[in-house]
A.B. asks: 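Here it is: the structure, laid out below.
Quantities reported herein were computed from a predicted structural model and do not represent experimental measurements.
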Amino acid sequence: MQAWQVHENGEPSEVMRLADVAQPVPGDGQVLLKVRAANINFPDVLMCRGHYQVRPPLPFTPGVEICGETEDGRRVIANPALPYGGFAEYAVADAAALLSAPDSLDDAEAAALHIGYQTGWFGLHRRAHLEAGEALLVHAAAGGVGSAAVQLGKAAGATVIGVVGGAEKAAVARELGCDVVVDRRSEDVVAAVKEATGGRGADVIYDPVGGEAYTQSTKVVAFEGRIVVVGFASGSIPSPGLNHALVKNYAILGLHWGLYNTKNPKLVQRCHEQLTELAARGAIKPLVSERVPLAGAADAVQRLGDGVTTGRIAVVPTGAQA
């Protein structure tokens, strides 16, 4: 079969190599899956660079979420068991963690329903307890993680403010349903958010960016507001001033979604059931901006790392249905 492999750490376009390799052999409790579509995530970029908290042994195949097909023909969503990731024709995954792919979504959309939407659901509902009528601020609102949070926020009845970088991403954020869109490249984010909220600030802030975005968040978080930290796509990890959190009376909430798979997997299943229901009634629909063939995976991963993509990019192996 064909699979992308990383033999040394570095930029994805330089270290990912497409090769003919043997099909992976499932271990105990694992299943072999034919990859129908693999979604590109920022952890794929970080793993190529050697900067992710999970460091699979070299060589490894990136691709942390897929829509796959079991040997008996079932369509499932899975996180492949590294080092046999999803940017390949076949992958392996833990049988106990397989989730049914919703009938309302095609393969590429189903692949994109998992990590980003699970993270959004846990962040907004489990950690921040977002309520209808509250103001939700989403950084990088046109990206894969941000776009999921925007849709989930709207489905929960929140007023959603999306922060993006550039006119093209601003247009995407509006199409996603943001009530207010702020272009950080041409607008003062702090002033715009305060104006949009009548000076009150945002009740919940969803931050997959870190760096300057986090600093802005501390300036616009409302009384008893909650800042949900889900990642550091900017490459800069903030050092929060806890005295500031005390004086302004807000909470800083960390979210590592992957921990729920081991700490409380039943919650992951419950979340998937709710996401499936939301997708069935059209309240959420993953924004798949591109579908690329397997041969285009390295370029697509690099573009995600460079911050020039919107929504999700799905890798579709030859012969699979997207």
Side-chain angles (χ1 to χ4, degrees), residues 42 116-117 119-120 123-124 127-128 130-238 240 244-245 248 250-253 255 284-287 289 304 306-312:
F42 201 68
Y117 281 86
T119 300
L124 298 181
R127 303 292 282 136
L130 178 69
E131 296 181 3
E134 288 192 313
L136 167 65
L137 171 62
V138 179
H139 289 287
V145 173
S147 62
V150 168
Q151 292 184 356
L152 288 168
K154 291 298 295 179
T159 297
V160 181
I161 304 167
V163 177
V164 299
E168 180 184 350
K169 293 185 178 182
V172 171
R174 291 189 188 95
E175 292 175 7
L176 285 166
C178 287
D179 298 283
V180 177
V181 177
V182 181
D183 185 349
R184 60 179 173 78
R185 293 183 182 174
S186 60
E187 299 178 74
D188 183 320
V189 173
V190 174
V193 173
K194 286 185 176 180
E195 180 181 355
T197 59
R200 184 174 179 278
D203 299 291
V204 175
I205 300 177
Y206 193 79
D207 181 13
V209 179
E212 178 62 22
Y214 178 83
T215 302
Q216 293 165 347
S217 298
T218 64
K219 296 177 180 179
V220 299
V221 63
F223 172 73
E224 291 194 329
R226 293 85 78 197
I227 300 174
V228 185
V229 178
V230 297
F232 312 104
S234 67
S236 175
I237 300 176
H244 191 259
K248 287 195 69 176
Y250 63 86
I252 305 165
L253 304 169
L255 174 64
I284 60 173
K285 186 179 179 68
L287 172 62
S289 57
L304 175 64
D306 292 340
V308 297
T309 62
T310 58
R312 290 296 194 191

A.B. asks: Checking Ser289 side chain against Gly311 main chain: does a donor-acceptor pair fall under 3.5 Å?
C.D. replies: no
A.B. asks: Considering all heavy atoms of both residues, which atom of Tyr206 and which atom of Gly116 are nearest to each other, and what is their separation?
C.D. replies: OH-O, 4.4 Å
A.B. asks: Does Glu212, at its CD atom, have more than 12 non-hydrogen atoms belonging to other residues, nucleotides or ligands within less than 6.0 Å?
C.D. replies: yes
A.B. asks: Whether Arg226 and Glu134 form a salt bridge (side-chain N of Lys/Arg under 4.0 Å from carboxylate O of Asp/Glu) is what I want to check.
C.D. replies: yes
A.B. asks: How far does SG of Cys178 sit from CG of Leu137, to the nearest 0.5 angstrom?
C.D. replies: 9.5 Å
A.B. asks: Could you report the tightest heavy-atom contact between Ala135 and Gly201, atom names first, then the distance?
C.D. replies: CB-O, 4.3 Å
A.B. asks: Drop me the distance from Arg127's CZ to Thr119's OG1, to the nearest 0.5 angstrom.
C.D. replies: 12.5 Å
A.B. asks: If you compare all heavy atoms of Phe232 against all heavy atoms of Gly210, which two are closest, and at what distance to 0.1 Å?
C.D. replies: CD2-CA, 4.2 Å
A.B. asks: Quick check on side chain to side chain contact (heavy atoms under 4.5 Å, CB included): which of Leu253, Val221, Ile252 does Ile205 satisfy it with?
C.D. replies: Val221
A.B. asks: What distance do Asp203 atom CG and Leu136 atom CG have between them, rounded to the nearest 0.5 Å?
C.D. replies: 9.0 Å
A.B. asks: Step through the shown structure and confirm whether more than 12 heavy atoms of other residues, nucleotides or ligands are within 6.0 Å of CD on Glu195.
C.D. replies: no
A.B. asks: Working to the nearest 0.5 angstrom, can you tell me the gap between Leu124 CG and Leu255 CG?
C.D. replies: 9.5 Å
A.B. asks: Out of curiosity, Leu176 CG to Arg174 CZ, how far, rounded to the nearest 0.5 Å?
C.D. replies: 11.5 Å
A.B. asks: Looking only at heavy atoms, what is the nearest atom pair of Lys169 and Thr309, with distance?
C.D. replies: CE-O, 3.5 Å
A.B. asks: Using atom types as modelled, flag every donor-acceptor pair under 3.5 Å from a side chain in residues 138-166 to any protein atom, sequence neighbours excluded.
C.D. replies:
| unit_1 | atom_1 | unit_2 | atom_2 | d |
| --- | --- | --- | --- | --- |
| His139 | NE2 | Ala213 | O | 3.3 |
| His139 | NE2 | Ser217 | OG | 2.9 |
| Ser147 | OG | Gly143 | O | 2.7 |
| Ser147 | OG | Gly144 | O | 3.2 |
| Gln151 | OE1 | Tyr117 | OH | 2.6 |
| Gln151 | OE1 | Lys285 | N | 2.9 |
| Gln151 | NE2 | Lys285 | O | 2.9 |
| Lys154 | NZ | Asp179 | OD1 | 3.0 |
| Lys154 | NZ | Asp179 | OD2 | 3.0 |

A.B. asks: Can you list the residues that meet the ring-ring contact (aromatic ring centres under 6.0 Å, His included) rule with Tyr250, with sequence neighbours excluded?
C.D. replies: His244
A.B. asks: Is a side-chain donor or acceptor of Asp306 paired with a backbone partner of Val308 at a separation under 3.5 angstrom?
C.D. replies: no
A.B. asks: Which heavy-atom pair separates Val181 from Glu187 by the least distance, and what is that distance?
C.D. replies: O-OE2, 3.9 Å
